[in-house]
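Scope of the values below: all heavy atoms of this structure, side chains included, with no hydrogens, waters or symmetry mates. Every chain is numbered from 1, with letters handed out A, B, ... down the list of sequences.
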Amino acid sequence: MIDFLREVLSYEFMRNALLDGVIVSAACGVVGTLVVLNRIVFISGGIAHAAYGGVGIAYFLGLNPVWGAVGFSLLSSLAMGYVHRKEKARADTIIGVMWALGMALGIIFVSLSPGYKADLMSYLFGSILAVSTGDLWLMAVIALVVLAFVLVFYRLLLAISFDETFSTVRNVPVGLLSMAMIVLIGLTVVISMRVVGLILVIALLTIPPAIANLYVREMRGIMVLSTGLSLLFMIAGLLVSYALNLPSGAVIILLAGLAYALAAISKGIFDKRRQIRETTAQKNDLELIR
Amino acid sequence: MERDGEAPIISLRNVWAGYDLDTVLEDVSFDLFPRDYVGLIGPNGGGKTTLIKVILGLIPPRSGSVQVMGSSAAEGRKYIGYVPQLQVSDKAFPINVWDVVSMGRIKPGFGSLRLKAEDRQRVEEALRQTGMLDLSKRSINEISGGQRQRVYIARALAAQPRILLLDEPTASVDPQASVQLYDLLARLNEEISILLISHDMTAISAYVKTIGCINRRLVYHRDKSISADMLDAGYECPVDLIAHGVPHRVLPAHDKDGERLE
């Protein structure tokens with residue numbers, strides 16, 4: 001096992017992958033918690049898929065696709081954030097349309113571009129091993145911005161997530177903050193794109209906080225625990241995919257999904273046992289009184 | 001309009017409000033003075049929520065004016081301690097009692113992870129006033145409906161309001177807890193004005209100082225008793241039979257059949 005780890009860590013791409021895993025875990029754990037608690041998983045899926053439009057256009061123009069993804073996910077998060085706030089009744093329809101349009105745009109521009117396109121698959125399905133040191137720096141900077149924002153505005157973000165109306169009455173700039181929150185999702189999508197790909201990033205944003213939410217009853221606790229869980233899934237997934245020669249992104253998500261199922265089932269059993277224990281205790285108390 | 005030389009805390013003048021093509025409030029005028037304890041009852045769909053939104057500046061009135069503490073609603077609402085109706089979905093949110101109450105201290109530009117000493121003190125005081133201090137570390141899903149309502153009152157109190165505005169405070173609270181809740185409100189009323197809105201007339205009439213009915217139009221004459229006419233007005237009469245556009249109009253101006261005598 002030690003030898004296996006030493007072998008794995010002797011490669012620069014594996015070390016980069018691990019570093020990337022740490023960065024992505026922190027961003028996904030923190031922002032994913034906001035996504036899950038605000039029930040805006042659909043928006044994060046929309047942003048992630050629409051970002052492919054940017055990848056395609058950048059590729060067509062011969063630019064670094066990462067920058068295309070940054071631009072497009074920022075644009076689409078602003079647009080979807082606006083729709084989410086102003087068009088409440090039809091928001092999910094419009095977001096669904098933007099989701100598909102971005103994707104379609106990406107596919108068209110990629111097909112218009114000449115040459116070998118295998119690398120583009122890594123944006124869709126992830127390829128944590130292909131992360132360059134330059135990309136790593138960019139992602140670290142974006143992640144720091146995201147984390148700093150959440151740290152500074154933690155209490156306001158908690159307040160608008162829990163009770164938007166009350167926050168408005170306290171004259172908190174709810175609209176601005178919730179737009180900012182959706183932009184954070186866009187940035188997190190870009191950071192996570194290389195690890196699990198645009199199609200699967202939604203899982204990384206939702207599964208770890210969903211598991212943490214089963215056991216922890218405080219927002220910052222969920223953020224910390226889901227960061228740890230993300231990292232765990234990523235390292236485990238990376239090692240399994242290396243050992244079995246399977247695509248890393250898909251393996252990471254599969255492990256996370258299995259863990260969620262196990263956690264939810266065991267939580268259900270635990271709660272039921274507790275209910276039975278408490279009912280029995282109450283019955284015994286009653287009999288004692290008699 | 002003044003009373004004993006005191007200016008009203010909340011003042012609505014000929015307010016019309018609604019959504020899209022639907023008018024929900026018609027020509028509502030209303031004053032709330034210091035140390036008032038007003039209960040407004042009305043059927044569901046009668047504009048209770050809309051009235052609250054107008055007072056809180058969440059929707060602008062179509063016509064008429066709203067003033068809170070002499071300023072616009074958006075400016076003056078910082079003096080209002082808003083206590084919303086309990087929502088089942090709140091229970092799912094992972095948050096403890098202390099953190100909910102500390103939301104009463106939030107203001108624009110305030111965001112740090114730590115609370116200032118003064119804020120902590122206010123939160124603690126509000127928890128003590130509402131009898132929730134011992135449960136402050138409990139999660140919101142581990143306490144009863146009545147306790148949750150107290151937590152929301154504590155959150156409102158933490159902001160040191162001049163007015164408490166309560167939306168259906170006993171809607172999902174058992175009868176015994178309701179009694180305790182109204183005792184608490186009566187104590188708080190020694191210093192703060194209270195405006196309470198509910199569809200349950202039996203629940204509020206015994207505790208409030210004055211009572212009114214709202215069903216699109218507001219019938220309120222700073223009186224304690226609910227007259228039969230008021231109930232008719234609030235619950236049964238077609239809207240156009242209720243007093244038209246005259247604030248504080250005494251309902252006996254209607255005859256028994258509810259015909260207008262103008």
Side-chain angles (χ1 to χ4, degrees), chain A residues 30 32-39 85 87-89 147-178 180-181 209-226 267 271 274-275 278, chain B residues 19-20 49 52-53 55-59 68 73-87 89-116 119 137-142 151-152 155-156 158-159 161 165 167:
Chain A
V30 169
T33 301
L34 291 172
V35 169
V36 168
L37 293 184
N38 281 281
R39 299 158 199 268
R85 291 210 62 78
E87 291 281 338
K88 287 220 154 85
L147 295 179
F149 186 92
V150 175
L151 199 64
V152 169
F153 293 105
Y154 177 84
R155 279 197 180 271
L156 292 183
L157 290 169
L158 177 64
I160 66 165
S161 306
F162 178 69
D163 191 338
E164 205 180 293
T165 310
F166 186 84
S167 308
T168 310
V169 172
R170 297 300 306 154
N171 284 325
V172 170
V174 173
L176 208 64
L177 270 167
S178 83
M181 190 161 71
I211 297 175
N213 196 12
L214 291 173
Y215 298 100
V216 178
R217 298 286 310 168
E218 211 182 343
M219 190 166 95
R220 53 192 130 172
I222 295 176
M223 287 176 168
V224 171
L225 180 57
S226 50
K267 165 90 170 155
D271 282 355
R274 200 167 112 179
Q275 277 167 14
E278 273 172 20
Chain B
Y19 312 90
D20 296 328
T49 309
I52 289 176
K53 284 185 178 168
I55 292 175
L56 292 175
L58 297 172
I59 55 169
V68 180
E75 172 64 24
R77 66 187 172 198
K78 63 182 175 216
Y79 299 106
I80 300 179
Y82 172 49
V83 182
Q85 189 177 353
L86 294 185
Q87 302 292 333
S89 58
D90 294 348
K91 280 178 74 173
F93 201 94
I95 191 167
N96 67 27
V97 168
W98 175 277
D99 281 343
V100 172
V101 176
S102 66
M103 273 173 208
R105 300 301 300 169
I106 57 172
K107 35 185 135 358
F110 163 104
S112 66
L113 211 52
R114 282 177 60 86
L115 284 172
K116 291 202 185 88
D119 293 324
K137 290 296 159 208
R138 287 275 186 95
S139 168
I140 199 87
N141 75 339
E142 293 170 337
V151 170
Y152 288 171
R155 175 176 68 167
L165 175 59
D167 187 1

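- If you measure heavy-atom distances from B/Ile95 to chain A, the contacts under 4.5 Å come from both the backbone and the side chain.
- With sequence neighbours excluded, no residue forms a side-chain hydrogen bond (donor to acceptor under 3.5 Å, both in side chains) with B/Gln87.
- In terms of modelled atom types and a separation under 3.5 Å, the side chain of A/Asn213 and the main chain of A/Pro209 share no donor-acceptor contact.
- Chosen from B/Ile140, B/Asn141, B/Val83, B/Val100, the residue pairing most often with chain A at heavy-atom distances under 4.5 Å is B/Asn141.
- Proximity of a side-chain donor or acceptor of B/Arg155 to a complementary backbone N or O of B/Trp98 within less than 3.5 Å is not detected.
- The contact between B/Ala92 and chain A is made by backbone and side chain atoms together, counting heavy-atom distances below 4.5 Å.
- Contact of A/Leu157 with chain B is not made at all, since no heavy-atom distance falls under 4.5 Å.
- Shown here are the side-chain hydrogen bond (donor to acceptor under 3.5 Å, both in side chains) partners of A/Arg170, two or more places apart in sequence or in another chain: there are none.
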